[in-house]
Amino acid sequence: MIKITFPDNSVREYDAGITGYDIASQISHNLAKEVVAVTVNGEVWDLQRPITNDAAIKLHKFEDPEGKHTFWHSSAHLMAGALEALYPGIKFGIGPAIENGFYYDVDPGNGTVITEADLPDIEKKIIELARLNSPYVREEIGKEDVLAYFTKKGDEYKIELINELEDGTITLYKHGNFTDLCRGPHLPDTSPIKAVKLLSLAGAYWRGDEKRKQLTRIYGITFPKKQMLDEYLNMLEQAKARDHRKIGKELELFTFSQKVGQGLPLWLPKGAMLRERLESFLRKIQVKYDYLPVITPHIGQKELYMTSGHWEKYGKDSFKPIQTPAEGEEFLLKPMNCPHHCEIYKSKPRSYKDLPIRYSEFGTVYRYEQSGELHGLTRVRGFTQDDAHIFCRPDQLKDEFKKVIDIVFAVFRAFDFQEFTTQISLRDPENKEKYIGSDENWIKAEKAIIEATEEKGMKAFVVPGEAAFYGPKLDFMVKDALGRNWQLGTIQVEYNLPERFELEYIGSDDQRHRPVMIHRAPFGSLERFVAVLIEHTGGKFPLWLTPEQVVVLPISEKYHVYAEKVLNFLNNCDIRTLIDSRNEKIGKKIRDNELKRIPYLLIVGEKEENQGTVSVRRQGKGDKGSFRLEDFKDLLKDEMNRQMEGLDN
RNA sequence: GCCUCUUUAGCUCAGCUGGUUAGAGCGGCGGUUUCGUAAACCGCAGGUCGGGGGUUCAAAUCCCCUGAGAGGCUCCA
């Protein structure tokens, strides 16, 4: 007998060799029907793998992350089996479960191209195979035999993977006629896979290496119930409706022009007003934190970037330098503001008493991004950073870092970004030559970031190898409508530029010392921030920020005079108000202005004119009743004050 | 940059395997209506079908080159 411990710490005894499935069926018939995997001593196992020793277990249904993972991993195998049936000789790369579904990288071989039109047939085949209820059979086989199998099959990708595995036994999983190299775990059989949707096709380099062959990646998702698939597809639809590219167009915030160039956003009047408001919002905070504004030009001599190291690192992948006509002097469009700011620091001698110095600038920078990477406002070739560089003494570094974290948190609070993750990016200890700067400085900088986040009580993922080439960083990431992660705020420690620009201050000991730099951008860039804000709010911006706050809707032309009076009153109170004087019925005007996501609609007709009131509708919330003009103004001011509270602490 | 797909009016889209003057809804403009909480009615004007080249008696439709967009991959100071 062995002792099995359950998550609630209860212990039961079973015969050695019992399986997770047996345990589930002894608990209840329904559980046995729904369970898909079991964690044994912290490792996820197949349900039918015998448990031979005392163990702590947890049974997983589809709803658990481990359950989904197993379900989708098995689905990837099932799809591979379907592909092999439809495309004989097809070769397989890797096929893992992902956050939402799974994919498989395949090479159909001899010039065959799989297109979206083929996906329904593949889906059909998958369902057909699933209904055979084939068991997923685990086999442990010697490496030589496995190699022989895939060599015979001619699957060079699998052979490459196997060769990198340690000698000894290797696990294979088999269902129906399909056998795959796999660590597992898997479902007991294919029967729970009831609903399948292949979502998209994409090229993906073998092993993520752009120098190697590009395989066809097929993304899909499966569910144990058809209804769950419908709900998921419905969710995707709704996410699409929040896409900032769509809403940005609808609300006339920004546009792109083929003629101006790809990745170069054009801000329309309403978008520009929104941006200005964001800028003044941050300026206000920065005044409080003693930042000093600076302004620098859009270009700088190439030598500037040779000094900074950017030319060496990014020069060959950048926009080519521009030249003066006669002398051929070379200038670069600025890709970063920091070198300019360093020169401002250098414009006069500094004392330790001057530090920290905090220079801020909404600096527009230009970077060559590969055409396939451009994406709406989130990845562009020209954008404006809410940039600042803090020059401080080493002993001030951690405190300064913490103050910046406070600013980022204030920003996120003001915009109600509750779901964000933070990542500390350190250098790759295996590839130290990728970075510039001394070992000693890197160690100091990484320590400062880690300590500052700890002291702020933050839970940050530490990711080695993700640092910038000049220093470690702390990034704040937010998810977009489609679940993609975007970096917003960033805080980076920089020992390198002070070194390269030979920045100095005179210490209390009358000696020359080197300051430390912090590079920070709470929004990241205005472009990306607006994009994420649009998706976060669905275009329903906070009242203080939205381009148009109120629209007055006269019932008919007879009330235009009164509507003008309301308009003037509100505009005089600094409330951004419009009037919809079109010759349309009130229902139509309401509909159109609701769709434009204007927060307040004021209906004025005979009754309102006689009583000096307005009939108020809040966007998305319908009729709020009648208000005296004064009271309505107070209502708005209150709402805005509440929204701005986060800023004033 | 690479793979697959898309590109038709200001916007959203229809135009089957090539066949006469390229359609619809919304929007715009003109008129009628003067109206009470998410779409009044009538009429009109908008397109060298992303651009260039080719095949054909005939191209929005087929082929080639190219621009832009989408989803990924690689990259991201």
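Just so we're on the same page: letters track the sequence lines, and every chain starts at 1.
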Taking the six-membered ring of A:Y205 as reference, does the NZ or CZ atom of A:R212 fall below 6.0 Å from its centre and within a 45° cone about the axis?
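A:R212 over A:Y205 ring: no.
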If the condition is side-chain contact (heavy atoms from CB on, under 4.5 Å), which residues does [X] pass it with, not counting sequence neighbours?
X      : value
A:R591 : A:L595
A:K621 : A:R618, A:K624
A:T384 : A:R275, A:F362, A:T364, A:L526, A:E527
A:K588 : A:E584, A:D592

Nucleotides 1-3 of chain B: which of its N/O atoms have a protein N/O under 3.5 Å away?
from, atom 1, to, atom 2, distance (Å)
B:rG1, OP2, A:S371, OG, 2.3
B:rG1, N7, A:G372, N, 3.3
B:rG1, N2, A:Y205, OH, 2.4
B:rC2, O4', A:Y205, OH, 3.4
B:rC2, O2', A:Q214, OE1, 2.4
B:rC2, O2, A:Q214, NE2, 2.9
B:rC3, O4', A:Q214, OE1, 2.3
B:rC3, O2, A:G203, N, 3.0

OP1, OP2 of [N] versus side-chain N and O of [X]: anything below 4.0 Å?
X      : N      : answer
A:R245 : B:rG71 : yes
A:K334 : B:rA77 : no
A:R367 : B:rC76 : no
A:K588 : B:rG27 : yes
A:H375 : B:rC76 : no

Hey, does [X] reach any base, or is it just sugar-phosphate, or nothing, if we go heavy atoms under 4.0 Å?
X      : result
A:E250 : nothing
A:E606 : base
A:Y219 : sugar-phosphate
A:Y470 : sugar-phosphate

Could you list the donor-acceptor pairs under 3.5 angstrom formed between side-chain atoms of residues 605-612 of chain A and any protein atom two or more places apart in sequence or on another chain?
from, atom 1, to, atom 2, distance (Å)
A:E608, OE1, A:G605, N, 2.9
A:N610, ND2, A:E606, O, 3.4

I'd like to check the ring-ring contact (aromatic ring centres under 6.0 Å, His included) partners of [X]; sequence neighbours left out, ordered by chain and number.
X      : result
A:F331 : none
A:F529 : A:F415, A:F417, A:F523
A:F541 : none
A:F102 : none

A:Y368/A:Y314 aromatic ring centres below 6.0 Å
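For A:Y368 and A:Y314, the ring centres are not under 6.0 Å apart.
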Can the ring centres of A:Y345 and A:F391 be said to be less than 6.0 Å apart?
yes
Nucleotide N/O to protein N/O under 3.5 Å, stretch nucleotides 8-12 of chain B:
from, atom 1, to, atom 2, distance (Å)
B:rU12, OP1, A:K249, NZ, 3.3

Rounded distance in Å between the C1' positions of B:rA59 and B:rC64
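It works out to 15 Å between them.
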Comparing A:Y559 and A:K313 on RNA chain B - which has the more 5′ nearest nucleotide:
A:Y559
Which is more 5' along RNA chain B, the nucleotide nearest A:E116 or the one nearest A:G605? Just name the residue.
A:E116
Dot-bracket summary - RNA chain B, pairs being Watson-Crick or G-U whose distances fall under 3.5 Å, with | when paired to another strand
(((((((..((((.....[...)))).(((((.......))))).....(((((..]....))))))))))))....
Whole-Å distance separating the CG atom of A:L236 from the C1' atom of B:rA70
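The distance from CG of A:L236 to C1' of B:rA70 comes to 15 Å, rounded to the nearest Å.
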